[in-house]
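Step one of this worksheet: look at the structure below.
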Amino acid sequence: RMTINQIKKGHDFERKIAKKLQDDLGLIKPVRRILNQYQEKNHPDLRLGRWNIECKAYKKGFEPASAWWDQVLGVTKDGEFPALIYKFDNKPIRIRIFAKNVNELLSDRSKVVDLNWESFTYLLRKLYSKDLEMHEE
């Protein structure tokens, strides 16, 4: 079970990421947290167009737990894209996505890439502007 502090830290991180996505991508509509994720399974923390985003903030660590990636894969349907946004204390935010979301030729679903924030938002602006437009509708 998670402590109240861990739950609060998780919620604060989700809110921070939602705001950061809105600001850094120049979105008009806020990126909303999906609150019914707490009542029912199969919902990511955040959604942006076809992207399902799971947010994890932890004190110690370097590599994200494989269970976190499995969690976002579990809520991602065909035609949608998983993104795991994770952060450990005193380390920068990192984002894990499928390699094929960077380049479709990299079709092996077992291959992932971890990006920094600037690279992830650049990727969204350059390759996934359709998802930003879907969000704004």
Side-chain angles (χ1 to χ4, degrees):
R1 300 287 294 142
M2 289 202 299
T3 65
I4 297 293
N5 278 353
Q6 287 169 311
I7 291 168
K8 183 184 182 315
K9 183 176 186 174
H11 291 186
D12 289 347
F13 186 60
E14 286 171 28
R15 275 191 286 275
K16 176 185 174 177
I17 293 301
K19 180 89 179 90
K20 209 165 158 42
L21 284 167
Q22 184 184 357
D23 292 349
D24 295 358
L25 293 169
L27 302 170
I28 295 147
K29 271 175 64 177
V31 177
R32 300 233 179 267
R33 291 170 60 224
I34 298 175
L35 297 175
N36 56 353
Q37 63 174 299
Y38 303 107
Q39 285 87 39
E40 41 187 294
K41 293 234 180 285
N42 303 326
H43 289 286
D45 295 330
L46 307 170
R47 193 170 276 135
L48 182 62
R50 296 167 295 171
W51 287 90
N52 291 307
I53 301 170
E54 200 60 50
C55 302
K56 300 287 182 189
Y58 275 77
K59 248 193 187 76
K60 289 189 171 68
F62 175 71
E63 277 287 306
S66 55
W68 303 349
W69 181 243
D70 292 343
Q71 188 180 357
V72 71
L73 292 182
V75 299
T76 301
K77 298 169 190 62
D78 281 346
E80 298 178 339
F81 316 121
L84 171 63
I85 300 183
Y86 64 96
K87 183 181 185 335
F88 299 105
D89 286 0
N90 306 312
K91 301 264 192 328
I93 295 169
R94 305 285 294 166
I95 301 90
R96 175 162 293 180
I97 62 173
F98 278 129
K100 69 175 185 177
N101 288 126
V102 178
N103 183 326
E104 284 168 12
L105 297 175
L106 308 174
S107 58
D108 182 342
R109 282 182 59 93
S110 70
K111 302 298 183 266
V112 297
V113 292
D114 286 24
L115 303 171
N116 65 16
W117 183 262
E118 290 73 23
S119 299
F120 180 60
T121 53
Y122 174 78
L123 182 85
L124 291 177
R125 280 193 303 271
K126 292 294 180 187
L127 298 183
Y128 296 95
S129 56
K130 173 179 156 185
D131 294 277
L132 305 184
E133 289 161 22
M134 283 167 66
H135 171 77
E136 297 287 31
E137 282 168 7

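Atoms considered below: every heavy atom in the structure, side chains included; atoms not considered: hydrogens, waters and symmetry mates.
Other residues, nucleotides and ligands place no more than 12 heavy atoms under 6.0 Å from the CZ atom of Arg32.
Shown here are the side chain to side chain contact (heavy atoms under 4.5 Å, CB included) partners of Asp89, two or more places apart in sequence or in another chain: Lys9, Lys59. Residues passing the side chain to side chain contact (heavy atoms under 4.5 Å, CB included) test with Lys19, sequence neighbours excluded: Asp23. For Lys29, the side chain to side chain contact (heavy atoms under 4.5 Å, CB included) test picks out His135, Glu136, with sequence neighbours left out. With sequence neighbours excluded, no residue forms a side-chain hydrogen bond (donor to acceptor under 3.5 Å, both in side chains) with Thr121. With sequence neighbours left out, the side chain to side chain contact (heavy atoms under 4.5 Å, CB included) criterion links Lys8 to Asp12. Considering only residues two or more places apart in sequence or on other chains, Lys20 meets the salt bridge (Lys or Arg N to Asp or Glu O under 4.0 Å) condition with Asp24. Annotation: ring pair (Phe, Tyr, Trp, His ring centres under 6.0 Å) contacts of Phe81 (sequence neighbours excluded): Trp51, Tyr128. Every side-chain hydrogen bond (donor to acceptor under 3.5 Å, both in side chains) that Lys56 has, sequence neighbours left out, goes to Gln71. Scanning for ring pair (Phe, Tyr, Trp, His ring centres under 6.0 Å) contacts around Trp117 gives an empty result, with sequence neighbours left out. Looking at residues two or more places apart in sequence or on another chain, you find a side-chain hydrogen bond (donor to acceptor under 3.5 Å, both in side chains) between Arg50 and Asp131. Every residue two or more places apart in sequence or in another chain was checked for a side-chain hydrogen bond (donor to acceptor under 3.5 Å, both in side chains) with Ser66, and none qualifies.
Judged purely by distance below 3.5 Å, without hydrogens or angles, the side chains of Arg47 and Asn52 pair a donor atom with an acceptor atom.
The shortest side-chain heavy-atom distance between Leu25 and Leu48 falls under the 4.5 Å cut-off.
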*Would you please test Val113 and Ile97 for side chain to side chain contact (heavy atoms under 4.5 Å, CB included) and show each step?*
CA-CA 6 Å; Val113 292; Ile97 62 173; 3.7 Å; yes

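Connection of Leu46 to Met134 is not established within any shared hydrophobic cluster, with ILVMFWY side chains joined at heavy-atom distances below 4.5 Å, either directly or through further cluster members.
Pairs of residues two or more places apart, or lying in two chains, that qualify as salt bridge (charged side-chain N to carboxylate O under 4.0 Å, His left out) and include a residue from residues 101-115 are Arg96-Asp114, Asp108-Lys111.
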